[in-house]
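Quick caveat, the model's predicted, so the values are computed rather than measured.
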Amino acid sequence: MLNKYARAFFTRVLTPFAALLLRLGVSPDTVTLIGTGGVVAGALVFYPLGEFFWGTVVITLFVFSDLVDGNMARQMGRSSRWGAFLDSTLDRVADAAVFGGIALWYAGGGNSVLMCAVSIFCLASGQVVSYTKARGESIGLPVAVNGLVERAERLVITLVLTGFSGLAKFGVPHIEVLLPVSLWVVALGSIVTLGQRVVTVRREAAEAAEAEGTGTA
């Protein structure tokens with residue numbers, strides 16, 4: 001949902017920066033690797049310590065690399081299968097680090113087995129939601145559905161609410177409740193999105209099978 005509008009806006013905003021990196025001789029793959037490394041470091045260093053505000057600041061600084069590297073490749077006129085594969089693979093690594101870092105907090109200082117489990121569920125369900133689309137497309141189906149909570153929504157909801165929850169360390173009362181709220185929203189939204197994609201793939205597979213049957217009759 002957010003992909004449709006936010007990606008186009010940020011692509012325009014980040015185009016001059018992408019052009020500057022190209023002039024400096026930086027490759028899109030380098031930006032992808034640095035961006036993922038920054039997200040992983042921010043999530044796995046700060047989040048397990050309960051430093052949600054500063055962790056989110058660090059993650060946000062690097063998460064836009066996902067838009068910059070693609071923009072650079074388009075400006076070079078050299079979008080490649082390898083670049084797309086690397087970008088998609090490292091997106092999964094970054095997402096896992098974010099929810100893994102939160103899970104580590106709840107397993108330690110956060111002291112909540114339930115919320116640790118919800119964090120792990122968010123991690124796993126996000127991977128499965130992405131897999132359903134990739135797998136559907138790999139068997140020749142369009143998987144034409146805008147899910148309720150796709151990757152952009154998962155990141156925005158989680159990072160915004162987690163970052164604000166970190167303001168509790170600055171004396172803002174009761175704001176720490178935003179962290180579990182973000183996890184429950186992402187967990188439930190991921191279940192709905194997974195259902196949407198499964199239903200869509202089932203329908204598209206049936207339509208494809210019917211079309212093939214009609215074509216051979």
Linking I/L/V/M/F/W/Y whenever any side-chain heavy atoms sit under 4.5 Å apart, do Val181 and Tyr106 land together?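 Both belong to a single hydrophobic cluster.
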
Kindly determine whether Thr89 and Leu86 satisfy side chain to side chain contact (heavy atoms under 4.5 Å, CB included), including the steps that lead there. CA-CA 5 Å; Thr89 300; Leu86 181 66; 5.7 Å; no

Sub-3.5 Å donor-acceptor pair from the side chain of Ser88 to the main-chain atoms of Phe85, do we have one?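 Answer holds: no.
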
Charged N-O contact under 4.0 Å between Glu150 and Arg154: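 Looking at Glu150 and Arg154, the cut-off is not met.
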
Could you pull out all residues at least two apart from Phe17 that satisfy side-chain contact (heavy atoms from CB on, under 4.5 Å)?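 Phe17 satisfies side-chain contact (heavy atoms from CB on, under 4.5 Å) with Leu21, Val68 only.
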
Closest heavy-atom pair and its distance - Val98, Val39: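 For Val98 and Val39, the tightest heavy-atom pair comes out as CG2-CG1, 4.1 Å.
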
Remaining members of Leu141's ILVMFWY cluster at a side-chain heavy-atom cut-off under 4.5 Å?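 Noted: Leu141 shares its cluster with Ile139, Val143, Val145, Val201.
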
For Asn71 and Gln75, which I'm curious about, is there any donor-acceptor pair between the side chains at under 3.5 Å?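 Yes, because at least one side-chain N or O of Asn71 sits under 3.5 Å from a partner of the opposite role on Gln75.
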
Taking Ser182 for its side chain and Leu161 for its backbone only, find out whether a donor-acceptor pair lies under 3.5 Å.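 Between the backbone of Leu161 and the side chain of Ser182 there is no qualifying donor-acceptor contact (under 3.5 Å).
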
What distance separates Ser119 OG from Ile102 CD1, expressed to the nearest 0.5 Å?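 Reported value, rounded in 0.5 Å steps: 5.5 Å.
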
Is there a path of hydrophobic side-chain contacts, each under 4.5 Å between heavy atoms of I/L/V/M/F/W/Y residues, joining Leu179 to Leu188?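 Not linked; separate clusters.
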
Taking Val118 as the starting point, is it possible to reach Ile191 by hopping between hydrophobic residues whose side chains are less than 4.5 Å apart?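 Each belongs to a different hydrophobic cluster.
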
Do Val26 and Phe62 belong together in a cluster built from hydrophobic side chains that touch within less than 4.5 Å?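 In one cluster with Val26: Phe62, yes.
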
So how far is it from Ile157 CD1 to Leu178 CG, rounded to the nearest 0.5 Å?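 Those atoms lie 12.5 Å apart.
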
Hey, does the side chain of Thr158 reach the backbone of Leu155 with a donor-acceptor pair shorter than 3.5 angstrom?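 Side chain of Thr158 to backbone of Leu155, a donor-acceptor pair under 3.5 Å: no, none is there.
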
Can you tell me how far apart OG1 (Thr162) and CH2 (Trp105) are? Round to the nearest 0.5 Å.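 Rounded to the nearest 0.5 Å, the OG1-CH2 separation comes to 12.5 Å.
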
With no hydrogens and no angle check, do the side chains of Ser138 and Arg135 hold a donor and an acceptor under 3.5 Å apart?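 Side-chain D/A pair, Ser138 to Arg135: present.
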
Looking only at heavy atoms, what is the nearest atom pair of Val186 and Cys122, with distance?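 In terms of heavy atoms, the two residues are closest at CG1-SG, 3.9 Å.
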
Check: residues 27-36 side-chain donor-acceptor pairs under 3.5 Å, at least two apart:
from	atom 1	to	atom 2	distance (Å)
Ser27	OG	Thr30	N	3.2
Ser27	OG	Thr30	OG1	2.8
Asp29	OD2	Trp82	NE1	3.1
Thr32	OG1	Pro28	O	3.0
Thr32	OG1	Asp69	OD2	2.5
Thr36	OG1	Thr32	O	2.9

Using a strict threshold of under 4.0 Å (side-chain N to carboxylate O), is an ion pair present between Glu207 and Arg202?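 Looking at Arg202 and Glu207, the cut-off is not met.
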
Grouping I, L, V, M, F, W and Y whenever their side-chain heavy atoms are under 4.5 Å apart, do Val199 and Leu148 come out in a common cluster?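 No; tracing contacts between hydrophobic side chains, which count when under 4.5 Å, never links both residues.
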
Are more than 12 heavy atoms, taken from residues, nucleotides or ligands other than Phe170, located less than 6.0 Å from that residue's CZ atom?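 More than 12 heavy atoms, drawn from other residues, nucleotides or ligands, come within 6.0 Å of this atom.
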
What pair of heavy atoms forms the shortest contact from Glu137 to Pro142, and how long is it?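 Looks like OE2-O, 4.1 Å.
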
Considering all heavy atoms, the nearest Met115-Leu183 contact: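 Reported closest heavy-atom pair: CE-CD1, 3.7 Å.
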
May I have the step-by-step check of side chain to side chain contact (heavy atoms under 4.5 Å, CB included) for Arg197 and Thr200, ending in yes or no? CA-CA 5 Å; Arg197 289 192 172 178; Thr200 298; 5.5 Å; no

Test of understanding: with ring pair (Phe, Tyr, Trp, His ring centres under 6.0 Å), list the residues that count as partners of Phe99, not counting sequence neighbours.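 Result, ring pair (Phe, Tyr, Trp, His ring centres under 6.0 Å) vs Phe99: none returned.
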
With side chain to side chain contact (heavy atoms under 4.5 Å, CB included) as the criterion, how do Asp95 and Arg151 come out once you've worked through the C-alpha distance, each side chain's angles and the decisive distance to 0.1 Å? CA-CA 9 Å; Asp95 293 356; Arg151 183 173 188 259; 3.0 Å; yes

To the nearest 0.5 Å, how far apart are CG in Leu20 and CE in Met72?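 Rounded to the nearest 0.5 Å, the CG-CE separation comes to 9.5 Å.
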
Worked check of side chain to side chain contact (heavy atoms under 4.5 Å, CB included) between Leu159 and Phe164: CA-CA 8 Å; Leu159 294 179; Phe164 277 124; over 6 Å; no

Just list the side-chain donor-acceptor pairs under 3.5 Å for residues 43-54, sequence neighbours left out, or say none.
from	atom 1	to	atom 2	distance (Å)
Tyr47	OH	Thr56	OG1	2.8
Glu51	OE2	Lys169	NZ	3.2

Roughly how far, to the nearest 0.5 Å, is CG of Leu114 from CH2 of Trp184?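 Here the interatomic distance stands at 5.0 Å.
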
Determine the minimum heavy-atom distance between Glu176 and Ala168, stating which atoms define it.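 Minimum heavy-atom separation between Glu176 and Ala168: OE1-CB, 3.6 Å.
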
List, by chain and number, the other hydrophobic cluster members for Val128, where Ile, Leu, Val, Met, Phe, Trp and Tyr join if side-chain heavy atoms come within less than 4.5 Å, directly or indirectly.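 Hydrophobic cluster check, Val128: joined to Val129, Leu194, Val198.
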
Determine the minimum heavy-atom distance between Ala103 and Cys116, stating which atoms define it.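 Ala103 and Cys116 have their closest heavy atoms at O-SG, 3.6 Å.
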
